[in-house]
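Written below as structure tokens is the structure these notes are about.
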Number of protein chains: 2
Amino acid sequence: MTDEKNPSAGEKNPGAGAKAYDAIKAMILDGRLKPSASYLEAELAEWIGVSRTPVREAGLRLEREGLVKVRPRRGLLILPVSAEDMTEIYQLLTALEPLAAELAAERGLSAEQAKAMDNATTRMERALAEDNLVAWAEGDDEFHALLVEAAGNKRLIEATARYRTQVHRARMATLSLRPRPEQSTVDHRVLLDCLLKGDAKGARDVHVAHRQAAGQMLTELLAQHRLDNL
Amino acid sequence: MTDEKNPSAGEKNPGAGAKAYDAIKAMILDGRLKPSASYLEAELAEWIGVSRTPVREAGLRLEREGLVKVRPRRGLLILPVSAEDMTEIYQLLTALEPLAAELAAERGLSAEQAKAMDNATTRMERALAEDNLVAWAEGDDEFHALLVEAAGNKRLIEATARYRTQVHRARMATLSLRPRPEQSTVDHRVLLDCLLKGDAKGARDVHVAHRQAAGQMLTELLAQHRLDNL
DNA sequence: AATGGAAATAACGTATGCATTGATGTGTAC
DNA sequence: GTACACATCAATGCATACGTTATTTCCATT
């Protein structure tokens with residue numbers, strides 16, 4: 001027999017719950033579900049092709065992740081990211097990611113990790129030279145993900161991933177408004193050097209400055225452009 | 001008319017979902033559900049008096065909170081806290097709570113907050129004098145909760161609450177094994193003074209030392225007593 | 001015309017039913 | 001006696017059905 005043992009659908013291996021979660025999250029992050037708008041469980045279920053049960057599951061999960069609010073009879077409210085959210089999140093990232101840098105430096109990078117981070121940094125440098133801001137942001141995201149992975153603290157990975165997800169839309173919206181991220185790109189290279197040298201204190205200090213600058217720049221940008229709800 | 005508008009039950013106001021979550025969480029934290037043991041959704045549902053749906057919801061939530069693991073056909077596995085978990089969590093708390101102390105000092109305490117924190121500190125001092133370790137731990141917990149609330153960062157509140165929940169069982173188990181928490185109690189009083197004076201840097205430094213000492217003491221204690229799974 | 005109330009509607013929260021799938025136990029063959 | 005395969009069983013994951021409740025609309029009354 002072929003490998004299709006189920007007559008219903010073709011590609012639902014990870015389960016309907018994960019499918020609903022991934023679909024809704026993706027729709028929020030790329031803007032197909034608009035901030036401050038509401039969507040009923042039933043309509044989301046129809047769009048995704050599952051029943052209300054996994055949609056409800058996904059809604060509760062996304063609520064605890066800070067992306068939506070489930071309101072009793074009005075569906076899922078897509079939460080916009082406010083200036084206050086940005087402040088909160090950058091305060092946390094400024095505490096958490098320098099810890100990751102410190103731990104990663106103490107622990108040392110594996111050959112694969114070093115290669116991957118160097119790769120991501122190079123992609124950022126190249127993307128910046130080509131003025132490809134989207135590619136730059138992707139490299140930046142990957143670098144930070146690799147950094148916290150290298151720290152080897154699973155809870156730290158989970159927490160930072162959550163907060164980076166929450167600011168994703170604001171970062172994308174401000175990409176073309178912000179000045180070219182020259183210093184930010186250099187910071188990554190410097191940080192990587194510290195990690196390779198095992199300079200924990202240096203890594204921490206560099207990254208504190210990096211995150212503080214990024215947070216301040218973003219919040220100022222949002223205030224300047226009156227972008228209070230993304 | 002009286003305030004009972006619903007003829008069905010007497011105390012299910014917060015909903016069955018919350019009831020299941022609270023019940024299971026409480027049973028885990030006080031040990032009625034044993035670490036490394038598994039419990040089927042159906043039996044939990046029966047004990048609690050709800051259907052499987054809210055139990056399943058609670059299970060998923062507790063899984064993302066790090067208290068259980070849902071295993072496909074074997075029910076909810078109650079996760080023990082390992083030495084590695086303690087290390088991870090204290091690394092995070094050592095980064096997060098000093099941030100809270102710093103922010104709270106900058107922001108200043110309201111009269112109620114100051115009173116509540118002083119109250120909690122006094123209770124700890126009194127409990128220590130009376131050798132009532134359980135009361136001491138309760139005061140300690142409340143102090144730390146008040147501290148992060150005073151920082152005014154909602155995500156910080158949520159994150160630290162989660163991690164404190166995860167170490168709860170280990171803290172309780174080691175209460176009677178650890179030396180009398182003299183220094184720890186003094187630390188709280190000193191920290192509170194810094195907060196009242198608005199000394200952000202002092203508050204941060206005191207609390208870093210406080211958390212580092214606590215984390216080191218606990219992990220050493222667990223290693224000493226071979227308590228790898230609580 | 002405006003306001004208040006009651007009925008209808010619609011959405012969620014919970015319960016239940018069903019099918020899929022891993023675990024378990026038994027029987028047979030080597 | 002052991003090992004492998006097949007059949008039975010049980011528990012989950014998902015779908016669906018039901019009851020509760022907020023919201024909305026419509027009508028009557030002022």
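We use all heavy atoms of the structure for the numbers below, so side chains are in, but hydrogens, waters and symmetry mates are not. Letters A, B, ... are given to chains in the order of the sequence lines, protein chains preceding strands, and every chain is numbered from 1.
Looking at heavy atoms from C-beta onward, A:D141 lies out of side-chain contact with A:E138 at the 4.5 angstrom threshold.
When the ring-ring contact (aromatic ring centres under 6.0 Å, His included) test is applied to A:F143, the partners found at least two apart in sequence or on another chain are A:H188.
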Could you walk me through whether B:E57 and B:R61 pass the salt bridge (charged side-chain N to carboxylate O under 4.0 Å, His left out) check? CA-CA 6 Å; B:E57 241 176 62; B:R61 185 168 168 199; over 6 Å; no
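Rounding to whole angstrom units, CG of residue B:L77 and P of D:dT12 are separated by 13 Å.
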N/O donor-acceptor pairs under 3.5 Å from side chains in residues 102-110 of chain B, not counting sequence neighbours:
from: B:S110; atom 1: OG; to: B:E112; atom 2: OE1; distance (Å): 3.4
from: B:S110; atom 1: OG; to: B:Q113; atom 2: N; distance (Å): 3.1
from: B:S110; atom 1: OG; to: B:Q113; atom 2: OE1; distance (Å): 3.4

Base-contact (B) and sugar-phosphate-only (S) positions in nucleotides 8-18 of chain C, heavy-atom cut-off under 4.0 Å, - elsewhere: ---BBBBBBB-
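Between A:R169 and A:D30 there is no salt bridge, since none of the side-chain N atoms of the basic residue sits less than 4.0 Å from a carboxylate O of the acidic one.
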